[in-house]
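To start, the structure itself, in structure tokens.
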Amino acid sequence: QKNAWAFHGLACLKYNQRKPKKAISYMAKGIALQPSELSYLKDGFKLIVACEGFSSILELYKGLSTELQENSRLKFYYALALHRVGKDKEAFELLKNPEGFVLEDIREGEDSIAQLWIDVTKALGKEEPIPYAYNFKAYV
């Protein structure tokens, strides 16, 4: 039966079969059926990023409500997608105020936002240290 979770399952299957374009397509169809379910969106965006569907992330993000666009995890995936398609200035605009962009569900040891900061600033030719608010490295 056509429903968001069936599309999610198909997307995961295609991801595991190393068919990223199909996985992205199925996930986008699922998101179209569940456009306001935050946990579904987070999981869907994560899968699309794993498939390197950065253009799809940009398109899907723009279709979200303003409230959902403000979710930090979805905004992070959007900033990552901007960087990966070469829109580093736009990505930097989202990241440049660490107090205004707090990745709420990050765990100790996750370096995704710190690495994105490094990659974006390097692409822009800036020499800026990682903001304290983005540094979640686990030090030994």
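Bear in mind the structure is a predicted one, so any value in this text is a computation, not a measurement.
- Counting all heavy atoms, side chain and backbone alike, N71 lies closest to E104 at ND2-OE2, 3.2 Å.
- Remark: K42 pairs with D105 by the salt bridge (charged side-chain N to carboxylate O under 4.0 Å, His left out) rule, at least two apart or across chains.
- Atom NE2 of H8 sits about 11.0 Å away from atom CG of L10, to the nearest 0.5 Å.
- How far NE2 of H83 is from CD of E90: 13.5 Å, rounded to the nearest 0.5 Å.
- The two atoms that bring I57 and Y77 nearest to each other are CG2-O, 3.7 Å, heavy atoms only.
- Scanning for ring-ring contact (aromatic ring centres under 6.0 Å, His included) contacts around F76 gives an empty result, with sequence neighbours left out.
- Judged by distance alone, the side chain of N3 and the main-chain N or O of A6 form a donor-acceptor pair under 3.5 Å.
- For E52, the salt bridge (charged side-chain N to carboxylate O under 4.0 Å, His left out) test picks out no residue, with sequence neighbours left out.
- Taking all atoms of both residues into account, the shortest heavy-atom contact from L68 to S36 is CD1-CA, 3.7 Å.
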task: Go through the steps to decide whether D119 and L80 satisfy the test side chain to side chain contact (heavy atoms under 4.5 Å, CB included), and finish with yes or no.
output: CA-CA 10 Å; D119 294 345; L80 177 64; over 6 Å; no
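- Note: S65 OG to L41 CG = 8.5 Å, rounded to the nearest 0.5 Å.
- Contact detail for L103 and S72: the closest heavy-atom pair is CD1-O, 3.4 Å.
- In this structure, the side chain of W117 engages the main chain of P129 through a donor-acceptor pair within 3.5 Å.
- The neighbour count for E67 CD, taken as heavy atoms of other residues, nucleotides or ligands under 6.0 Å away, does not exceed 12.
- The minimum heavy-atom distance linking Y78 with K62 is given by the pair OH-CE, 3.9 Å.
- Applying the salt bridge (charged side-chain N to carboxylate O under 4.0 Å, His left out) criterion to K29, with sequence neighbours excluded, gives no partner residue.
- Between K75 and E70 a salt bridge is recorded (basic side-chain N to carboxylate O distance below 4.0 Å).
- Y134 contributes a side-chain N or O that, together with a main-chain N or O of L95, makes up a donor-acceptor pair within less than 3.5 Å.
- When the salt bridge (charged side-chain N to carboxylate O under 4.0 Å, His left out) test is applied to E59, no partner is found at least two apart in sequence or on another chain.
- Across all their heavy atoms, V120 and A91 have their closest contact at CG2-CB, 3.9 Å.
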Distance-only criterion, 3.5 Å: show the donor-acceptor pairs between side-chain atoms of residues 14-27 and protein atoms not counting sequence neighbours.
unit_1 : atom_1 : unit_2 : atom_2 : d
K14    : NZ     : Q17    : OE1    : 3.1
N16    : ND2    : C12    : O      : 3.4

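- Residue N97 holds its CG atom at 10.5 Å from CZ of F92, rounded to the nearest 0.5 Å.
- The distance from atom CG of D111 to atom CD1 of I113, rounded to the nearest 0.5 Å, is 11.0 Å.
- Remark: the backbone N or O of A4 is paired with a side-chain donor or acceptor of Y40 at under 3.5 angstrom.
- Residue I31 holds its CD1 atom at 5.5 Å from CZ of F45, rounded to the nearest 0.5 Å.
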